[in-house]
Amino acid sequence: MRIATWNVNSIRARLPRVIDWLASARVDVLALQEIKCRPEQFPGAAFEALGYHVSIWGTNQWNGVALITREPATDVQAGFSGAPAWGVPPAVEPRALGGTVRGVRVWSLYVPNGRSVDDPHYRYKLAWLGRLAHEARSWLAEDPDAQIALVGDWNVAPRDEDVWDIRAFAGETPVTPAEREAFGAFAAQGYRDVVRPLAPTGYTFWDYKHGRYPRDEGMRIDFVLGSPALAARVEDAFIDRAARSGDKPSDHVPVVVQLREEDSAEQRDDWDEDDRPMVL
DNA sequence: ATGGTCGCAACGCGA
């Protein structure tokens, strides 16, 4: 089973690239962020033509999230209980969409952008992460064997090496100790970054401004956090940095995780060494 | 190259 996350910065502006990518990546679940459209504007037919099902959350042009799934997702839920109700305009809840596919609960997350530490959005971001962590803890308390993937744009760079020059970010988002502590709370509960061990270097975002991408001045802020039972199934991970090149790219690239099949009788041989790189 | 980010119900604002 293959799960991917991608902040596409407008699904309508990105549709040809996303469809091309999906046709070659053979993912079972693609979590999208920043679809920048209302549900009725989402170009669902293009995905359905590839055999995918679409679940969407979006209430305005910003920050919408979606789940594109090979099989219909069950228990689709927008947001989590306890999400802060006091969003700072134009911050809009819930920026989270959960669905279950083949026994795996996947949450497509767009963690609020904190802007700067003296901005109300910063406090809001920390509160939002805190509520999500609280909720995620309860999911594992209820079922320690639950297979849960928390995927998306976390807007946090957990380590100094996750930005191109830590000196340029002194005292700023997304590298403040409070943000890193909020992100680290998930690991403390057992949700692990399942990509870094298999893709130890590389960014997931390069700002459009200032020619950041040609100079590889990026940030690693898109993550897949897996519950213990999910992490135990991870056999490979891939950051598709090539998606940042070419015509009309998003400023983020897809992050992909491959899970072992639970029943070896159902092993599919779609992840041979010959397959790498998995996205052509 | 007299410009140098991109997206959006948009000529300002969010990322």
Side-chain angles (χ1 to χ4, degrees), chain A residues 5-21 31-44 46 56-66 84 86-97 108-129 132 151-158 162-165 168-169 171-176 178-179 182-183 203-223 240-255:
Chain A
T5 179
W6 193 1
N7 179 328
V8 292
N9 185 24
S10 168
I11 189 58
R12 288 174 293 171
R14 219 64 60 212
L15 188 61
R17 290 195 67 128
V18 174
I19 291 298
D20 284 352
W21 188 88
L32 301 176
Q33 299 88 36
E34 287 204 62
I35 61 174
K36 291 189 174 176
C37 68
R38 298 185 299 274
E40 69 272 20
Q41 297 175 307
F42 194 95
I56 303 157
W57 175 81
T59 62
N60 67 357
Q61 60 187 305
W62 316 111
N63 303 326
V65 290
W86 46 278
V88 182
V92 179
E93 286 70 40
R95 312 152 178 262
L97 187 70
S108 179
L109 304 171
Y110 180 79
V111 175
N113 185 307
R115 304 189 183 181
S116 59
V117 294
D118 57 357
D119 191 297
H121 289 79
Y122 178 74
R123 280 191 51 206
Y124 171 70
K125 173 185 191 174
L126 295 176
W128 195 94
L129 277 169
L132 177 62
V151 313
D153 178 354
W154 291 77
N155 269 317
V156 176
D162 294 335
V163 296
W164 74 89
D165 181 0
F169 288 85
E172 296 178 13
T173 62
V175 304
T176 65
E179 290 168 291
F183 183 83
Y203 303 129
T204 64
F205 161 87
W206 296 259
D207 200 311
Y208 289 124
K209 298 189 286 273
H210 312 306
R212 296 295 183 206
Y213 181 67
R215 295 201 293 270
D216 194 26
E217 295 176 344
M219 299 196 285
R220 189 173 178 126
I221 54 177
D222 299 86
F223 298 100
D240 186 15
R241 68 172 286 132
R244 187 63 177 79
S245 297
D247 200 36
K248 284 196 62 146
S250 173
D251 42 4
H252 295 250
V253 296
V255 180

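Naming: A, B, ... by sequence-line order, numbering from 1 per chain.
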**Study point:** Pairs involving residues 241-255 of chain A, ordered by first then second residue, that meet salt bridge (Lys or Arg N to Asp or Glu O under 4.0 Å) (sequence neighbours left out)
**Key:**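 Salt bridge (Lys or Arg N to Asp or Glu O under 4.0 Å) check on residues 241-255 of chain A returns A:Asp216-A:Arg241.
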Taking the [atom1] atom in each of [N] and [M], what is the distance between them to the nearest angstrom?
N      : M      : atom1 : value
B:dC6  : B:dC11 : C1'   : 15 Å
B:dA15 : B:dA10 : C1'   : 15 Å
B:dC8  : B:dG3  : C1'   : 23 Å
B:dA9  : B:dT5  : P     : 22 Å

Nearest whole Å is fine: how far is [N] [atom2] from [X] [atom1]?
X        : N      : atom1 : atom2 : value
A:Asn7   : B:dC8  : CG    : C1'   : 15 Å
A:Asn9   : B:dG7  : CG    : C1'   : 6 Å
A:Asp119 : B:dC13 : CG    : P     : 14 Å

Review point. In terms of the nearest nucleotide of DNA chain B, which residue is placed more toward the 5' end: A:Asp207 or A:Asp153?
Key: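 Comparing both residues, the 5'-ward one is A:Asp207.
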Distance test, side-chain N/O of [X] to OP1/OP2 of [N], below 4.0 Å:
X        : N      : value
A:Asn63  : B:dA15 : yes
A:Arg14  : B:dC6  : no
A:Lys248 : B:dT5  : no

What residues form a salt bridge (charged side-chain N to carboxylate O under 4.0 Å, His left out) with [X], not counting sequence neighbours?
X        : value
A:Arg17  : none
A:Asp222 : none
A:Arg212 : A:Glu217

Exercise for review: Under 4.0 Å from any atom of DNA chain B, heavy atoms only: list the residues of residues 208-215 of chain A that qualify, in numerical order.
Suggested key: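 Under 4.0 Å from DNA chain B: A:Tyr208, A:Lys209, A:His210.
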Exercise for review: Specify whether A:His252 and A:Phe205 have parallel, tilted or perpendicular ring planes, treating 30° as the upper limit for parallel and 60° as the lower limit for perpendicular.
Suggested key: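 Judged by the thresholds at 30° and 60°, the geometry between A:His252 and A:Phe205 is tilted.
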Point to revise | side-chain hydrogen bond (donor to acceptor under 3.5 Å, both in side chains) partners of A:Thr173, counting only residues at least two apart | key: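 Partners of A:Thr173 by the side-chain hydrogen bond (donor to acceptor under 3.5 Å, both in side chains) criterion come out as none, since no residue qualifies.
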